Amino acid sequence: MNAIDLRSDTVTWPTPEMRRAMAEAPVGDDVYGEDPTVNALEEEAAAMLGKEAGLFVSSGTQGNICSILTHCGRGDEIIAADKCHITTYEVGNPATLGGVHTRMVGMQPDGTMPLDQLEAAIRPAGNDHYPTTRLICLENTQGSMGGLVLPPDYVQAVADLAHNNGAMLHIDGARLFNAAAASGCPARDLVRGADSVTFCLSKGLCAPIGSIMVGSKDFIRKARRMRKALGGGLRQAGILAAAGIIALNEMTQRLHEDHENARDLALGLGKLPGIEIDMAQVQTNMIFIKLTAESRYTGAQIAEKLKPHNILIGMTYPDTFRAVTHYWIKREHVPQIIEAFRTVMAS
Ligand SMILES: *Cc1c(COP(=O)(O)O)cnc(C)c1O
């Protein structure tokens with residue numbers, strides 16, 4: 001029996017329809033620009049996000065670093081939040097791969113960096129002491145704070161701030177379509193002010209591999225070259241892009257189901273003794289479960305005790321852990337998960 005795997009939405013297998021499309025995909029050498037399935041995916045993604053061009057990349061991390069290195073040169077600086085994915089989980093790659101300095105601004109509980117602090121972090125021009133602020137990076141949804149949606153007005157204000165100071169805006173939209181589903185604001189409107197965007201096909205959208213970068217024609221032309229330098233020039237990648245097309249067109253339309261399941265799961269778990277859930281934080285497909293003094297177990301112990309119930313949870317800290325809903329977490333799993341937690345917490 002397959003586990004009820006709440007560790008992340010990255011654990012999603014491709015759907016049967018994706019596997020069929022992958023088997024039958026027309027392909028060519030994408031480094032020559034000759035893979036029709038990759039070309040179709042890139043065009044559809046760019047059109048959907050209201051940008052001129054798109055680029056298929058191996059992963060979200062590759063999309064972010066390829067964007068950063070296309071915008072920035074050695075001695076340039078990016079500004080990003082201290083708890084965002086780029087500054088926390090991407091191996092410090094702006095520094096190691098690009099000689100790009102990272103300036104961090106503290107993230108607020110709502111997932112934003114305060115505009116005044118962001119403005120203060122931008123380096124004044126014409127001073128020989130400073131690196132050059134070239135890029136501001138936002139993350140939507142914001143993962144480490146709970147899959148929070150950044151308000152569209154805030155994103156636009158950051159875009160204006162960047163552009164008024166000669167910098168660019170990159171959006172790490174690994175879960176951009178979750179933000180769109182939760183806010184009711186089309187994805188293209190959420191990235192209107194951005195000069196580049198990355199989003200993942202391989203998380204809640206169920207594709208086995210791949211992310212997309214979008215931006216202007218000129219930006220993507222340069223990014224293609226950078227992708228090659230990063231070892232991301234793939235050959236018959238249409239095998240992967242075929243799943244990506246289904247991810248983009250179909251899986252983006254059903255994410256609200258994951259959000260409803262997350263909400264119902266959070267409401268049920270929040271009633272159990274020893275568990276506290278801030279419902280204002282449950283906006284998309286993530287639930288941060290906080291353990292109170294009443295709990296006899298740590299997050300890691302609870303994770304261990306859930307395994308015999310065929311349930312996997314991840315990112316455990318002594319007093320918190322995370323559960324993520326996705327395509328393979330079905331409606332009928334929700335009461336089953338709540339019951340398993342009830343048994344474990346009472347044991
Ligand atoms: C998962 C994730 C990435 C990186 O994607 P990979 O495909 O795992 O490299 C980047 N940013 C955010 C916010 C993510 O959640």
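Small disclaimer: the values here were computed from a predicted structure and weren't measured. For reference, positions follow the sequence shown, starting with 1. Counting starts at 1 for both ligands and their atoms, in listed order.
When heavy-atom distances to ligand 1 are checked against a 4.0 Å cut-off, Asn64 comes that close only through its side chain, counted from C-beta outward. Both the backbone and the side chain of Ser59 come within 4.0 Å of ligand 1, counting heavy atoms alone. Using a 4.0 Å cut-off between heavy atoms, Glu90 contacts ligand 1 through its side chain alone, with no backbone atom that close. For Asp172, every heavy-atom contact with ligand 1 shorter than 4.0 Å involves the side chain, none the backbone.
Residues Asn178 and His259 bring a donor and an acceptor atom of their side chains to less than 3.5 Å of each other. A side-chain donor from one of Gln156 and Asp160 sits under 3.5 Å from a side-chain acceptor of the other.
Within the 4.0 Å heavy-atom shell around ligand 1 one finds Cys200. Residue Gln62 places every heavy atom at 4.0 Å or more from ligand 1.
If you number the atoms of ligand 1 from 1 as listed, the ones under 4.0 Å from a heavy atom of Ala174 come out as 2 (C), 11 (N), 12 (C), 13 (C), 14 (C), 15 (O). Proximity to Glu139 (heavy-atom distance under 4.0 Å) selects the following atoms of ligand 1: 13 (C).
Salt bridge absent: Arg263 and Glu260 never bring a charged side-chain N and a carboxylate O closer than 4.0 Å.
Atom 15 (O) of ligand 1 has its closest protein heavy atom at Lys203 NZ, 2.6 Å. Among protein heavy atoms, the minimum distance from atom 9 (O) of ligand 1 is reached at Thr61 OG1, 2.6 Å.
Taking the six-membered ring for Trp and the full ring otherwise, the centers of His309 and Phe341 sit at least 6.0 Å from each other.
Tested against Arg175, the residues Asp9, Asn140, Thr141, Thr284 include a single side-chain hydrogen bond (donor to acceptor under 3.5 Å, both in side chains) partner, Asp9.
Close N/O approach between Gly60 and ligand 1 is found [any backbone or side-chain N/O within under 3.5 Å]. Among the atoms of Ser202, none of the N or O lies under 3.5 angstrom from an N or O of ligand 1. For a threshold of 3.5 Å applied to N or O pairs, the pair formed by Ser211 and ligand 1 contains no separation below that value.
More than 12 heavy atoms of other residues, nucleotides or ligands sit less than 6.0 Å from atom NZ of Lys330. Counting non-hydrogen atoms of other residues, nucleotides and ligands closer than 6.0 Å to CZ of Arg225 gives a total of 12 or fewer. Heavy atoms of other residues, nucleotides or ligands lying less than 6.0 angstrom from CZ of Arg331 number more than 12.
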Chi angles and distances behind the side chain to side chain donor-acceptor pair (under 3.5 Å) call for His170, Asn64: CA-CA 8 Å; His170 172 70; Asn64 282 334; 2.9 Å; yes
